[in-house]
Amino acid sequence: MKRTIRKLIALPLLALLVCSCGEDRSGEYYELTQENQWIYSKMKEVYLWADAIGEIKQNIFFSTPSQFFKKLLYTDDKTSFFTDTLASTSYGITTSLMRDPLGITPSKTYALIEFVEPGSVAETAGLERGMWISEIDGSRLTTSSAAKLSAGTGVELTVQEMEFDDVEEIYYWEEKGNTALPAATEIKSTSIPATAIIDDISSKSGYILCNTFDGEEAADALGNALSTMVAEGVDNIILDLRYNNTISLADAAAASAPFVPADRQGTPFCSLAKAIDSDEHTELLIPASNINVSNCPLYIITTTRTKGVTNAFVKAVQATRANVKVVGQKASGANLYTECYESPYLFKINPATAYIFDIEGEPLQPALPDYAVAEYDNYRSIYPLGAKQEHILNNISYIIANGTLPPTE
């Protein structure tokens with residue numbers, strides 16, 4: 001309500017401000033612009049391109065905080081972002097849009113449910129990975145209406161699944177009815193939503209789906225998962241980072257510690273600099289760890305959804321040991337580091353504050369796979385994450401046994 005009141009009274013006060021015979025009376029209205037004054041002060045203090053922030057016209061300070069933040073950003077900055085805590089809600093599903101993968105109705109759009117956040121309203125409603133959404137609120141799904149899948153006051157979804165006709169030997173769509181999602185809720189990402197032990201003929205692999213390294217809870221969860229794998233006597237570790245979007249470099253460095261050789265703990269993880277060609281770098285070190293699995297072959301899964309400083313984690317682990325293979329797709333991300341600053345109000349700003357350089361001193365680049373596997377090469381075979389039959393895991397099992405990808409059909 002506070003922001004609504006500010007919008008309603010700002011315009012007449014602004015008119016008074018401008019029309020008072022040229023007299024600058026902005027100080028009298030500080031309370032009306034204090035949110036944006038805080039943003040301006042913090043950006044001038046920490047923003048990578050603070051020098052490029054010119055003089056701001058007084059009327060701009062009466063913008064909403066999110067609009068004001070965007071007006072301060074450098075033209076080429078595609079990394080910094082604004083978070084309104086009042087709007088940080090979600091249904092808890094991750095989807096991919098595509099035209100009918102069975103080709104029955106080529107013009108029809110479907111949304112594949114890739115991931116369902118534990119504890120979300122989507123999980124409570126019974127949605128699962130591998131289901132397909134074809135309609136929203138009784139209307140055909142479109143690229144525009146798909147925006148309703150992220151958050152809102154509630155939607156009704158028509159859900160279908162792919163089925164196989166053994167007689168006709170064809171796949172077809174089987175409608176599973178309608179699913180009502182209640183209002184979206186605030187969701188805290190589960191750091192490790194799935195683990196599994198995968199037994200093959202010649203080896204045993206421990207699978208860990210890790211969606212973030214951020215926070216003490218995530219560190220504890222990763223440590224517990226690795227301890228379980230060691231106790232199980234696994235031969236390989238599969239670290240699934242396909243949805244990992246870690247923000248904290250310090251937490252990413254700590255997460256790398258169990259995976260690097262013990263003698264590399266205490267050495268640089270990455271470095272930060274204020275300019276891409278700067279000779280002055282601030283190094284971030286790999287801390288010590290009570291667990292070490294560096295002798296165990298490691299397979300890291302990345303996809304286009306792998307973002308943030310997760311790339312620094314992959315680069316550091318790759319550079320410190322030989323028995324690491326990346327499987328999947330090229331990750332996303334840039335070599336800019338954003339830091340989160342929580343305001344005294346109901347929002348956070350995440351401005352770019354430095355360039356990231358990898359463990360070898362080069363500008364950080366997205367992780368590249370050693371074995372390229374498109375996550376949904378086979379849309380007819382979507383299994384739960386951690387299931388041996390899941391497409392990427394099936395490929396990794398073949399790589400472990402044969403040293404190559406399986407032959408294409």
Side-chain angles (χ1 to χ4, degrees), residues 192 195 198 200 202-210 213 218-219 222-242 244 246 249-271 283-303 306 308-331 333 356-373 392-393 395-405:
I192 298 183
T195 61
I198 300 173
D200 288 314
S202 59
S203 65
K204 178 191 290 187
S205 299
Y207 170 84
I208 303 173
L209 173 64
C210 185
F213 300 128
L222 180 59
N224 292 336
L226 289 174
S227 295
T228 298
M229 300 306 169
V230 171
E232 290 283 346
V234 300
D235 302 298
N236 313 283
I237 293 177
I238 301 171
L239 187 62
D240 191 343
L241 305 181
R242 73 183 77 185
N244 195 292
T246 298
L249 269 175
D251 289 337
S256 73
F259 298 99
V260 305
D263 61 359
R264 294 302 295 263
Q265 295 173 4
T267 63
F269 171 77
C270 71
S271 63
E283 291 184 334
L284 185 68
L285 304 182
I286 300 171
S289 173
N290 295 326
I291 306 171
N292 194 278
V293 293
S294 60
N295 290 328
C296 193
L298 175 64
Y299 295 84
I300 300 175
I301 299 175
T302 63
T303 70
T306 307
V309 300
T310 314
N311 290 296
F313 170 92
V314 176
K315 296 286 185 177
V317 175
Q318 281 181 311
T320 57
R321 45 183 284 196
N323 54 350
V324 179
K325 298 298 180 184
V326 177
V327 183
Q329 297 167 288
K330 179 181 177 181
I356 308 175
F357 295 79
D358 64 26
I359 191 171
E360 297 174 329
E362 297 296 326
L364 182 65
Q365 298 295 320
L368 296 172
D370 298 291
Y371 297 97
V373 180
I392 294 183
L393 291 186
N395 276 267
I396 291 177
S397 292
Y398 193 93
I399 293 168
I400 290 172
N402 302 281
T404 64
L405 285 169

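The model shown is predicted, which means the values in this text are computed figures rather than measured ones.
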Contact check, side chains of [X] and [Y], non-hydrogen atoms, under 4.5 Å:
X: L285; Y: P268; result: yes
X: D370; Y: Q318; result: yes
X: T246; Y: L241; result: no
X: T228; Y: T195; result: no
X: Y398; Y: L405; result: no
X: I301; Y: I396; result: yes
X: T320; Y: P261; result: yes

Please name the pair of heavy atoms, one in [X] and one in [Y], separated by the smallest distance, quoted to 0.1 Å.
X: N323; Y: N295; value: ND2-O, 3.5 Å
X: V234; Y: C296; value: O-SG, 4.0 Å
X: I400; Y: S203; value: CG2-OG, 3.6 Å
X: I286; Y: A253; value: CG2-O, 4.1 Å
X: I198; Y: S397; value: CG2-OG, 4.4 Å
X: K315; Y: Q365; value: CE-O, 3.3 Å

Hey, what do you get for [atom1] ([X]) to [atom2] ([Y]), rounding to the nearest 0.5 Å?
X: L226; Y: I237; atom1: CG; atom2: CD1; answer: 5.5 Å
X: E362; Y: S271; atom1: CD; atom2: OG; answer: 10.0 Å
X: S256; Y: I359; atom1: OG; atom2: CD1; answer: 7.5 Å
X: C210; Y: L239; atom1: SG; atom2: CG; answer: 6.0 Å
X: D240; Y: I392; atom1: CG; atom2: CD1; answer: 7.0 Å
X: N311; Y: C270; atom1: CG; atom2: SG; answer: 11.5 Å

Hey, is the main chain of [Y] close enough, under 3.5 Å, to the side chain of [X] for a donor-acceptor pair?
X: N236; Y: I238; answer: no
X: N292; Y: V260; answer: yes
X: D358; Y: L364; answer: no
X: K325; Y: I399; answer: no
X: T302; Y: Q329; answer: yes

Requested in this report: Could you pull out all residues at least two apart from Y299 that satisfy side-chain hydrogen bond (donor to acceptor under 3.5 Å, both in side chains)?
Outcome: none
Report summary line: Hits for side-chain hydrogen bond (donor to acceptor under 3.5 Å, both in side chains) against T306, two or more places apart or cross-chain, chain-then-number order -> none
Query raised in the report: What do the steps show when you test Y371 against N395 for side-chain contact (heavy atoms from CB on, under 4.5 Å), and what is the final call?
Result: CA-CA 9 Å; Y371 297 97; N395 276 267; over 6 Å; no
Query raised in the report: CG of N402: more than 12 outside heavy atoms within 6.0 angstrom?
Result: yes
Report task. Mind running side-chain contact (heavy atoms from CB on, under 4.5 Å) on I192 and L222 for me, showing each step along the way? Result -> CA-CA 7 Å; I192 298 183; L222 180 59; 4.1 Å; yes
Requested in this report: Check ring pair (Phe, Tyr, Trp, His ring centres under 6.0 Å) between F213 and all other residues, then give those that pass, not counting sequence neighbours.
Outcome: F313
